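Everything on this sheet refers to the single structure shown next.
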Amino acid sequence: MKHRVLVVGGAGYIGSHTVKLLQNQGYEVWVYDNLSMGHKESVSPDCLIVGDLKDKDRLDHAIMIHRIEGVIHFAASAFVGESVTEPAKYYQNNVVNTLSLLEVVRKQGIKKFVFSSTCATYGTPDRVPITEDTPQNPINPYGETKLIVEKVLRDYARAYQIGYAALRYFNASGAAADGSIGEDHSPETHLIPLILETILGKRKEIEIFGTDYPTPDGTCIRDYIHVDDLAQAHILALDILKPGQEIKVNLGIGQGYSVRQVIAATEKVTGKKVKYKESPRRAGDPAELVANPAKAMKELGWKPKYLDIETIIETAWNWHRKHPNGFRN
Ligand SMILES: NC(=O)c1ccc[n+]([C@@H]2O[C@H](COP(=O)([O-])OP(=O)(O)OC[C@H]3O[C@@H](n4cnc5c(N)ncnc54)[C@H](O)[C@@H]3O)[C@@H](O)[C@H]2O)c1
Ligand SMILES: O=c1ccn([C@@H]2O[C@H](COP(=O)(O)OP(=O)(O)O[C@H]3O[C@H](CO)[C@@H](O)[C@H](O)[C@H]3O)[C@@H](O)[C@H]2O)c(=O)[nH]1
């Protein structure tokens with residue numbers, strides 16, 4: 001029997017791709033989202049419950065009437081740069097509101113909880129690729145909030161037997177292979193969609209944030225992982241979680257690309273030149289974040305399908321050029 005799942009933040013970018021995959025694989029799915037960043041068009045209307053994370057009564061009711069067995073929690077404020085200038089928003093939404101959700105989960109006796117963590121919890125790692133035993137010393141408030149929730153989950157697992165998976169994603173990218181849904185953040189801050197918007201003439205140019213990093217071409221290196229590969233890892237984690245179990249894994253492909261390499265790969269995929277300008281570093285950005293995904297592959301039986309940046313960008317390009325205004329067309 002496939003589980004009945006509540007996907008909190010399920011109308012967002014990674015959430016909506018996970019919802020689609022869960023539905024394709026026969027799970028009964030309910031989406032809970034306040035639509036502050038998400039899009040109602042990204043999920044089927046009959047499974048959407050519009051509500052806020054801090055509304056305990058609404059969550060309680062949703063979990064009870066739909067007899068939810070597992071929760072996947074994507075809802076958060078998730079811009080590294082903004083978290084430096086507006087930390088209060090991040091501690092409130094990512095920590096306080098998540099505690100509120102966990103109160104309901106605990107009361108309702110739910111024993112499967114999958115959490116969107118991040119490689120930003122590692123801060124500036126001593127070495128790459130990053131393994132899960134790398135010390136977690138975030139260098140921005142966003143990473144700090146995610147680390148706090150990981151610690152709360154550890155304690156709740158031990159005291160209340162809530163089984164949890166803290167999935168530490170690297171950089172989510174790409175769009176559904178069938179072109180039906182994709183990435184649409186407002187404001188957009190992520191590198192690949194911004195490059196594509198520049199190509200589509202929606203922006204004058206892309207800024208490269210920092211060209212003096214200790215990397216071969218001076219720009220930041222990240223591990224770009226396809227959103228459907230991320231989605232599949234959530235389903236695998238949900239399936240195997242046992243009460244009180246703790247899973248902490250990195251989700252990346254184990255290969256890093258610099259900002260300049262991503263621009264070059266996008267030019268190749270689209271056949272168009274990208275206008276860019278070199279700008280100062282953005283606050284809160286570590287030089288290089290690349291995953292060692294071996295633990296996720298072993299513990300979840302996970303195997304990413306998209307191992308090549310150009311194929312990942314191709315899926316994003318396919319979505320962006322057909323939906324230049326995102327879900328508004
Ligand atoms: N995008 C990435 O590269 C990346 C990398 C690592 C971790 N993450 C984490 O993955 C998760 C999903 O990221 P995303 O890129 O899909 O973000 P997103 O903003 O597209 O999705 C988040 C969703 O949560 C909803 N939400 C936010 N606050 C809420 C609240 N208080 N109540 C109800 N709903 C609320 C938003 O409306 C949105 O639909 C986040 O937790 C993020 O921190 C993302
Ligand atoms: O206009 C831009 C935007 C980004 N970058 C650079 O591109 C890289 C990727 O940036 P971005 O796409 O904004 O992703 P991150 O800041 O790495 O953050 C994402 O990836 C993190 C994990 O690395 C997650 O935790 C966050 O939620 C998610 O937003 C970084 O080096 C940025 O400095 C630019 O040079 N110019």
Side-chain angles (χ1 to χ4, degrees), residues 7-18 31-40 42-43 48-55 58-59 72-83 89-90 92-94 96-98 100-101 115-122 130 138 140 142-143 145-146 149 166-173 183-186 188-195 197-198 203 205-211 213 215 219-225 227 230-231 234 251-252 256-260 262-263 276-291:
V7 184
V8 183
Y13 170 45
I14 308 171
S16 59
H17 286 78
T18 306
V31 172
Y32 188 93
D33 200 300
N34 67 0
L35 300 178
S36 56
M37 290 295 288
H39 305 274
K40 63 178 182 343
S42 69
V43 291
L48 177 63
I49 303 162
V50 179
D52 198 278
L53 207 48
K54 60 176 177 282
D55 188 343
R58 199 163 173 73
L59 272 167
I72 306 183
H73 176 36
F74 290 102
S77 301
F79 296 137
V80 172
E82 185 188 61
S83 80
K89 173 175 172 185
Y90 283 70
Q92 183 63 46
N93 202 26
N94 298 3
V96 178
N97 292 348
T98 294
S100 190
L101 166 66
F115 173 61
S116 301
S117 189
T118 166
C119 63
T121 58
Y122 294 114
I130 302 171
N140 52 58
Y142 166 71
T145 62
K146 293 287 183 172
V149 173
L167 304 182
R168 297 175 188 156
Y169 324 153
F170 285 62
N171 288 56
S173 43
E183 185 166 11
D184 178 8
H185 287 119
S186 181
E188 190 51 81
T189 64
H190 294 110
L191 181 64
I192 294 174
L194 286 178
I195 299 174
E197 287 181 11
T198 308
R203 287 173 193 271
E205 62 198 359
I206 176 98
E207 287 183 70
I208 300 181
F209 294 141
T211 52
Y213 283 99
T215 59
T219 67
C220 284
I221 294 176
R222 295 287 181 274
D223 182 333
Y224 295 88
I225 161 134
V227 64
L230 277 182
H234 290 73
L251 294 176
Y257 295 92
S258 72
V259 175
R260 289 193 205 278
V262 174
I263 292 176
Y276 65 83
K277 87 165 182 213
E278 297 183 357
S279 297
R281 293 183 179 194
R282 186 176 67 177
D285 275 345
E288 183 171 6
L289 295 171
V290 177

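Start at 1 and go down the list; that is how both ligands and their atoms are numbered. This structure is a prediction, so every number in the text was calculated from the model and none was measured.
Nearest to atom 28 (C) of ligand 2 among the protein's heavy atoms is His190 NE2, 3.6 Å. Looking only at heavy atoms of the protein, atom 21 (O) of ligand 1 is closest to Gly12 CA, 3.4 Å. What sits closest to atom 31 (O) of ligand 2 on the protein, heavy atoms only, is Cys220 CB, 2.9 Å. Regarding atom 19 (O) of ligand 1, its nearest protein heavy-atom neighbour is Met37 CB, 3.5 Å. Of the protein's non-hydrogen atoms, Ile14 N, 2.8 Å is the one closest to atom 16 (O) of ligand 1. The protein heavy atom nearest to atom 31 (N) of ligand 1 is Asn93 OD1, 2.9 Å. Scanning the protein heavy atoms around atom 3 (C) of ligand 2, the nearest turns out to be Thr189 O, 3.5 Å. For atom 5 (C) of ligand 1, the nearest protein heavy atom (residue, atom name, distance) is Phe170 O, 3.3 Å. The protein heavy-atom contact nearest to atom 10 (O) of ligand 1 is Tyr169 CE1, 3.2 Å. Protein heavy atom nearest atom 14 (O) of ligand 2, with residue, atom name and distance: Asn171 ND2, 3.1 Å. Scanning the protein for heavy atoms near atom 39 (O) of ligand 1, the closest one is Asp33 OD2, 2.6 Å. Ranking the protein heavy atoms by distance from atom 1 (O) of ligand 2 puts Leu194 CD1, 3.3 Å first. What sits closest to atom 22 (C) of ligand 2 on the protein, heavy atoms only, is Cys119 SG, 3.2 Å. Nearest to atom 16 (O) of ligand 2 among the protein's heavy atoms is Arg282 NH2, 2.6 Å. When only non-hydrogen protein atoms are considered, atom 24 (C) of ligand 2 lies nearest to Thr118 OG1, 3.7 Å.
Salt bridge status for Arg260 with Glu278: present, with a side-chain N to carboxylate O gap under 4.0 Å.
Looking at Tyr213 against ligand 2, nothing comes within 4.0 Å, counting heavy atoms. Proximity of Arg281 to ligand 2, defined as any heavy-atom pair under 4.0 Å, is not found for any part of the residue. With a heavy-atom cut-off of 4.0 Å, Tyr142 touches ligand 2 through its side chain alone. If you look at Val259 next to ligand 2, the close heavy atoms, those under 4.0 Å, all belong to the side chain. The residue Thr219 has no part lying near ligand 2, judged by heavy-atom distances below 4.0 Å.
Distance check, rounded to the nearest 0.5 Å: CD1 of Ile192 to CG of Asn171 gives 8.0 Å. Interatomic distance, CZ of Phe170 versus OH of Tyr224, reported as 12.5 Å (0.5 Å rounding). Ile14 contributes atom CD1, which lies 8.0 Å from atom CD of Glu183 (distance to the nearest 0.5 angstrom). The OG1 atom of Thr215 sits 5.0 Å away from atom CD1 of Ile221, with the distance rounded to the nearest 0.5 Å.
Short contacts between ligand 2 and Glu207, defined as distances under 4.0 Å to a heavy atom of the residue, involve ligand atoms 1 (O), 2 (C), 34 (C), 35 (O), 36 (N). The atoms of ligand 1 that sit less than 4.0 Å from any heavy atom of Ala78 are 42 (C), 43 (O). When each atom of ligand 1 is checked for a heavy atom of Thr118 under 4.0 Å away, the hits are 6 (C), 7 (C). Applying the 4.0 Å criterion to heavy atoms of Leu35 picks out, from ligand 1, the atoms 37 (O). Near Gly38, meaning under 4.0 Å from any of its heavy atoms, are these atoms of ligand 1: 36 (C), 37 (O), 38 (C), 39 (O). The atoms of ligand 1 that sit less than 4.0 Å from any heavy atom of Ala172 are 1 (N), 2 (C), 3 (O). In the vicinity of Ile206, heavy-atom distances shorter than 4.0 Å reach the ligand 2 atoms 1 (O). Each of the atoms 33 (C) of ligand 1 lies under 4.0 Å from some heavy atom of Gly51.
Summarising the contacts of atom 11 (C) of ligand 1 with Tyr13, Tyr32, Phe74, the nearest heavy atom is found in Phe74. Nearest to atom 15 (O) of ligand 1 by heavy atom, out of Arg58, Arg168, His185, is His185. Compare Gly9, Ser173, Gly252, Ala76 by their heavy atoms: the one nearest to atom 27 (C) of ligand 1 is in Ala76.
Aromatic pair His234/Phe115: ring centres not closer than 6.0 Å.
Glu82 and Tyr142 share no side-chain donor-acceptor pair at under 3.5 Å. Under 3.5 Å, the side chains of Arg58 and Tyr32 contain no donor-acceptor pair of N or O atoms.
At least one heavy atom of Ser117 sits under 4.0 Å from some atom of ligand 1. Contact between Tyr142 and ligand 1 is present, with at least one heavy atom of the residue lying under 4.0 Å from the ligand. Heavy atoms of Tyr13 stay at 4.0 angstrom or farther from ligand 2.
No side-chain heavy atom of Val290 sits under 4.5 Å from any side-chain heavy atom of Ile130. Here the side chains of Lys54 and Asn93 are not in contact, with every heavy-atom distance at 4.5 Å or above. Looking at Thr145 and Val149, their side chains never come closer than 4.5 Å, going by heavy atoms from C-beta outward. Contact annotation: the side chain of Val8 never approaches that of Ile72 to less than 4.5 Å [non-hydrogen atoms, C-beta and beyond]. Side-chain atoms of Val227 and Tyr13, non-hydrogen and from C-beta on, do get closer than 4.5 Å to each other.
Polar contact check, Tyr224 against ligand 2: no nitrogen or oxygen pair lies under 3.5 Å apart. In terms of N/O distances under 3.5 Å, ligand 1 is not approached by Asn171. Looking at ligand 2, you won't find any N or O of Leu289 less than 3.5 Å from one of its N or O atoms. Ligand 1 has a nitrogen or oxygen under 3.5 angstrom from a nitrogen or oxygen of Lys146. The distance criterion of under 3.5 Å between nitrogen or oxygen atoms is met by Leu53 with respect to ligand 1. Between Ile208 and ligand 2, no pair of N/O atoms sits closer than 3.5 Å. Of the polar atoms of Asn34, at least one N or O is found under 3.5 Å from an N or O of ligand 1, judged by distance alone.
The number of heavy atoms from other shown groups lying within 6.0 Å of OH (Tyr276) does not exceed 12.
In this view, Glu288 satisfies the salt bridge (charged side-chain N to carboxylate O under 4.0 Å, His left out) rule with no residue, not counting sequence neighbours. Every residue meeting the salt bridge (charged side-chain N to carboxylate O under 4.0 Å, His left out) condition with Asp285, not counting sequence neighbours, appears here in chain and number order: Arg222, Arg282.
His190 and His185 have tilted rings, their planes meeting at an angle from 30° to 60° on a 0 to 90° scale.
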side-chain hydrogen bond (donor to acceptor under 3.5 Å, both in side chains) between Tyr169 and Ser116, intermediate numbers included: CA-CA 7 Å; Tyr169 324 153; Ser116 301; 2.7 Å; yes
